Protein chains: 2
Amino acid sequence: MLPRRPLAWPAWLLRGAPGAAGSWGRPVGPLARRGCCSAPGTPEVPLTRERYPVRRLPFSTVSKQDLAAFERIVPGGVVTDPEALQAPNVDWLRTLRGCSKVLLRPRTSEEVSHILRHCHERNLAVNPQGGNTGMVGGSVPVFDEIILSTARMNRVLSFHSVSGILVCQAGCVLEELSRYVEERDFIMPLDLGAKGSCHIGGNVATNAGGLRFLRYGSLHGTVLGLEVLADGTVLDCLTSLRKDNTGYDLKQLFIGSEGTLGIITTVSILCPPKPRAVNVAFLGCPGFAEVLQTFSTCKGMLGEILSAFEFMDAVCMQLVGRHLHLASPVQESPFYVLIETSGSNAGHDAEKLGHFLEHALGSGLVTDGTMATDQRKVKMLWALRERITEALSRDGYVYKYDLSLPVERLYDIVTDLRARLGPHAKHVVGYGHLGDGNLHLNVTAEAFSPSLLAALEPHVYEWTAGQQGSVSAEHGVGFRKRDVLGYSKPPGALQLMQQLKALLDPKGILNPYKTLPSQA
Amino acid sequence: MLPRRPLAWPAWLLRGAPGAAGSWGRPVGPLARRGCCSAPGTPEVPLTRERYPVRRLPFSTVSKQDLAAFERIVPGGVVTDPEALQAPNVDWLRTLRGCSKVLLRPRTSEEVSHILRHCHERNLAVNPQGGNTGMVGGSVPVFDEIILSTARMNRVLSFHSVSGILVCQAGCVLEELSRYVEERDFIMPLDLGAKGSCHIGGNVATNAGGLRFLRYGSLHGTVLGLEVLADGTVLDCLTSLRKDNTGYDLKQLFIGSEGTLGIITTVSILCPPKPRAVNVAFLGCPGFAEVLQTFSTCKGMLGEILSAFEFMDAVCMQLVGRHLHLASPVQESPFYVLIETSGSNAGHDAEKLGHFLEHALGSGLVTDGTMATDQRKVKMLWALRERITEALSRDGYVYKYDLSLPVERLYDIVTDLRARLGPHAKHVVGYGHLGDGNLHLNVTAEAFSPSLLAALEPHVYEWTAGQQGSVSAEHGVGFRKRDVLGYSKPPGALQLMQQLKALLDPKGILNPYKTLPSQA
């Protein structure tokens, strides 16, 4: 008699697997690219300076001589055509619009250096822009700041096939880098829904979190070096060493500073080895208590192979179905979780995941589920989670909050807001990176409404501060959140931030009106 | 017929296992504590100010009024007894000695705040001191700086049993914290040979690397929050959130700044779950090329369960045997590697490690080996690697270098120095965290000799700079390395460090003569 193979997958998992007939309403299209979510004919976005109480600072305005100088620095890389400037003046959420009249497209750090030296001398404000996929208006001008695009700085400079250390220019698109390192048996340590458009320089400048944070941690740990520029002087912190304790770790200052302290031109980053086996399970849970318990259980049973633990509520699934025509692969449930494992041995991983799933189903933590191992199906399951942002943007005007909270209280604010707002909101949804204590709380309405805003803010921020949470877990501050920093940071910290800004950018030309509170 | 179990451990591994008769010369004692390596009657350490060309800066000297003020701030915590001040004035390597006349032992952040406010007003220099286990003289006074000891700030403030987030005072001893979190099924994200004495505040202030770096990464990634003080004002960056993008990540500035920008009083740190299975293999390799290939192979075959890859050369093993009476558990070899796996499933880990070891032996990468799974034997194998520092300190005067290098060139400098120094050195050894590209290069001699020093420096630094390496991978800068920073950092970076120092500590009272180059 042949030895019986251990039961790897509970039989119920095979029911309703993605791709099986009847389970998915329609085939899923390619992952949407950020930046192209609005159809032609969409109403024009109001100018930021008209909607928000903000005053232009006394920077110079771009003159003909400036344009001539830029043309000498970046021949063929000076854009002044009003039509070409429309898109880079508007943020991805289409609620902020600047009126910049010039966009520069340098190819090298030297060109960026010359541009910044000129801007510094002439007191011209500069708005660095990567893929323009940010959620807080950090990447678009507020007034007429010069847009400095990293789009043509998209070269890989080196890759070390033993250590996995990648050195590349700031404008490399995350998804292209992923492809590049995956061909060499590594992966990028971060992954985002916006991967098809976002630039690595922007990721580092905003300390992007995303879908692999649970496993590979923050960019403060994986970025090894940077080259940055402020007044035109190159600050070379571009080491490719895992360990370097020679003095203050200056690069850390620039990670997450949103281009307000310097412009990142080159990045050195540590890539983890590509896992040989990736499994994704998509499960329905009867309540949030069960979501939490599923998380605890799977941390224990999956251990080192757990690479993501995401959750979404029933309304998210409804909106993804309604606006993007993605059907749920599992029975309707109050909550859904997406669990990813990444490991080096497919058999071992399957066994661990199988035991976990059997336990989760047997104990009632999970009521239905499906799973995938092949890449196409894995992507389809991930799309349900990754494309929520896009579905929400199609649902109307979106009030977005990105909170860090104690995991036990993560969903309370969603329930609280549903009761508080009643019919004034179209939808109130909660989803996000549960494994990192990071809730994406979104409220949709037919249109922007000051009264709805007043019902939301400062209530959401006060509630978060009451839990010692963060009012911006991963989206950053940008233009939108700069006046709510005080809910998560004490006055002494805000003061030191202002001092660092004054030290590194004494004229304040770098991404003005962003990141720091407007009062100071 | 019963199914055949897969071969978990090659049979040869059972030969010479630690604890087996004949394999270990003598029983291994408890891990040595740092700070107690010198026997009574050891010759007195020369005063730093007499051996090195350094001039006292114009700080005030401690007056009777100051002592009275300190006594009011920390009743019973003011030490002025010359005998009690001997040990804290001398560094662990016993080559630097200050002449501080007062040591303060606060218990709370408030007391530290009052002390620093007083020192700032009176222009008194302060030398923060944790476990005094540093290698670069960062933790002892150079002249008469007041020693501010964190020894009594040793309380755990909170531990969250779901997230694994520990909040504790700076003076908690790493080994005690390890024990505390291990009882709760977590581990500390760092481990050092000095764990029995070093303080977590000192670990964070020096950005300690250590034995778990390969798996859990740098403290820049795992430290979630800090409370720091400079002029007496508390800077509260003490969040316990995995994600927080509200403005500049100020805590990062203080990680690795060696107490020169602020004194860390409280730490919030993310602890990984305790692995259910830990295995250690100790292997002999015929050459350094085989060490490198063993590393590549085991990264691929062990994947996510690999938690340490350490190496040592034959001379290290001889010195550990001679001075500490630890015998090698394997045949004499030119090189030894220690591989640790940590995982959640003992069977899976054993299978992965077994396959790897079979392959390594079969292909001649490894010529002999032993392994351990039970805690006592694991500790015994680790002791061979962890106690090299101690063995070296018993071998004579030690010239210590801690370099980050491209892993392929890691051992070249050792071979180079043996040829260069010939009989002028007693021993030239190389060991360290190969998985992180971190070499500990040590040269021993009967006594300190300026001519030997001249043969070593700047040669070692120039060689390292030629490889784009770091002249201080994990030990930091302290007093000893402050004038060699320029080998790894460009002038622009050094200038910005000076500006940050001036911003955060305008009077320069915090750990003076350390970290930054003396010229500026």
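No experiment lies behind these values; they were computed from the predicted model shown. Proteins come first, then strands; the chains are lettered A, B, ... in the order of their sequence lines, and each starts at number 1.
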Engineer: Looking at side-chain heavy atoms only, is the closest gap between A:Asp349 and B:Glu304 below 4.5 Å?
Structural biologist: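 Yes, at least one pair of side-chain atoms sits under 4.5 Å.
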Engineer: Regarding B:Lys489 and A:Asp236, does a basic nitrogen lie under 4.0 Å from an acidic carboxylate oxygen?
Structural biologist: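 Looking at B:Lys489 and A:Asp236, the cut-off is not met.
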Engineer: Measuring heavy-atom distances to chain A, does B:Thr233 have an atom under 4.5 Å in its side chain, in its backbone, in both, or in neither?
Structural biologist: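 No part of B:Thr233 comes within 4.5 Å of chain A.
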Engineer: Below 4.5 Å from any heavy atom of chain A, which atoms of B:Leu302 appear? Answer side chain, backbone, both or neither.
Structural biologist: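 Just the backbone, heavy atoms under 4.5 Å.
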Engineer: Need one label for A:Tyr216: side chain, backbone, both or neither, based on atoms under 4.5 Å from any heavy atom in chain B.
Structural biologist: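 Neither part; nothing is under 4.5 Å.
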Engineer: Mind checking what makes side chain to side chain donor-acceptor pair (under 3.5 Å) contact with A:Arg480, not counting sequence neighbours?
Structural biologist: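 Once residues adjacent in sequence are excluded, the partners of A:Arg480 under the side chain to side chain donor-acceptor pair (under 3.5 Å) criterion are A:Asp91, A:Thr95.
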Engineer: Contact part of B:Pro273 toward chain A, heavy-atom cut-off under 4.5 Å: side chain, backbone, both or neither?
Structural biologist: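 Neither part.
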Engineer: For a quick test of reading the model, state the closest non-hydrogen atom pair linking A:Gly300 to B:Ser344 and the distance between them.
Structural biologist: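 Heavy atoms only, the tightest pair is O-CB, 4.5 Å.
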Engineer: How far apart are the C-alpha atoms of B:Tyr248 and A:Thr260, what are their side-chain angles, what is the distance that settles it, and do they pass the side-chain hydrogen bond (donor to acceptor under 3.5 Å, both in side chains) test?
Structural biologist: CA-CA 10 Å; B:Tyr248 310 150; A:Thr260 62; 2.7 Å; yes
Engineer: Do B:Met497 and A:Leu250 have side chains that get closer than 4.5 Å, going by heavy atoms?
Structural biologist: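 SC-SC contact between B:Met497 and A:Leu250 confirmed.
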Engineer: Are B:Leu496 and A:Leu503 close enough that some pair of their side-chain heavy atoms sits under 4.5 Å apart?
Structural biologist: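 A side-chain contact exists here, since the closest heavy-atom pair is under 4.5 Å.
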Engineer: Measuring heavy-atom distances to chain B, does A:Arg482 have an atom under 4.5 Å in its side chain, in its backbone, in both, or in neither?
Structural biologist: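 A:Arg482 has no heavy atom closer than 4.5 Å to chain B.
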Engineer: Rounded to the nearest 0.5 Å, what separation is found between the NE2 atom of B:His220 and the OG1 atom of A:Thr222?
Structural biologist: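 So the NE2 of B:His220 and the OG1 of A:Thr222 are separated by 12.5 Å.
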Engineer: Using non-hydrogen atoms only, which part of B:Ser163 is less than 4.5 Å away from chain A: side chain, backbone, both, or neither?
Structural biologist: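 Backbone of B:Ser163 only, per the 4.5 Å heavy-atom cut-off to chain A.
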Engineer: Do the side chains of A:Gln252 and B:Leu253 get nearer than 4.5 Å, heavy atoms only?
Structural biologist: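 When only atoms from C-beta onward are counted, A:Gln252 and B:Leu253 do not touch, as no gap falls below 4.5 Å.
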Engineer: Side chain, backbone, both or neither: which part of A:Asp249 has an atom under 4.5 Å from a heavy atom of chain B?
Structural biologist: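 For A:Asp249, the side chain is the part near chain B, not the backbone.
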Engineer: Report which part of A:Asp244 has an atom under 4.5 Å of a heavy atom belonging to chain B: side chain, backbone, both, or neither.
Structural biologist: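 Its backbone and side chain both get close to chain B.
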Engineer: Restricting to non-hydrogen atoms, name the atom on B:Asn245 and the atom on A:Ser470 that form the minimum distance, rounded to 0.1 Å.
Structural biologist: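 Reported closest heavy-atom pair: N-OG, 4.2 Å.
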Engineer: A:Val484 versus B:Thr246: any side-chain heavy-atom pair under 4.5 Å?
Structural biologist: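 Side chain of A:Val484 against side chain of B:Thr246, heavy atoms only: no contact under 4.5 Å found.
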Engineer: Please assess B:Arg242 against A:Leu214 for the test side-chain contact (heavy atoms from CB on, under 4.5 Å), listing each intermediate value before the final yes or no.
Structural biologist: CA-CA 9 Å; B:Arg242 285 210 66 182; A:Leu214 180 72; 4.0 Å; yes
Engineer: Go through the atoms of B:Ser240 and report whether side chain, backbone, both or neither lie under 4.5 Å from a heavy atom of chain A.
Structural biologist: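 Neither part; nothing is under 4.5 Å.
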Engineer: Heavy-atom distance under 4.5 Å to chain A: side chain of B:Gln499, backbone, both or neither?
Structural biologist: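 Both parts, backbone and side chain.
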Engineer: Does any N or O in the side chain of B:Lys243 come within less than 3.5 Å of the main-chain N or O of A:Ser218, such that one atom is a donor and the other an acceptor?
Structural biologist: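 Not at all, since once roles are kept as given, no pair shorter than 3.5 Å links the two residues.
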Engineer: Say you draw a straight line from NE2 of A:His348 to CD of B:Glu351; how long is it, rounded to the nearest 0.5 Å?
Structural biologist: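 So the gap between those two atoms works out to 3.5 Å.
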Engineer: Could you go through A:His160 and B:Glu408, starting from their C-alpha distance and side-chain angles, then the distance that decides it, and tell me whether this counts as side-chain contact (heavy atoms from CB on, under 4.5 Å)?
Structural biologist: CA-CA 11 Å; A:His160 192 277; B:Glu408 310 83 36; 3.0 Å; yes
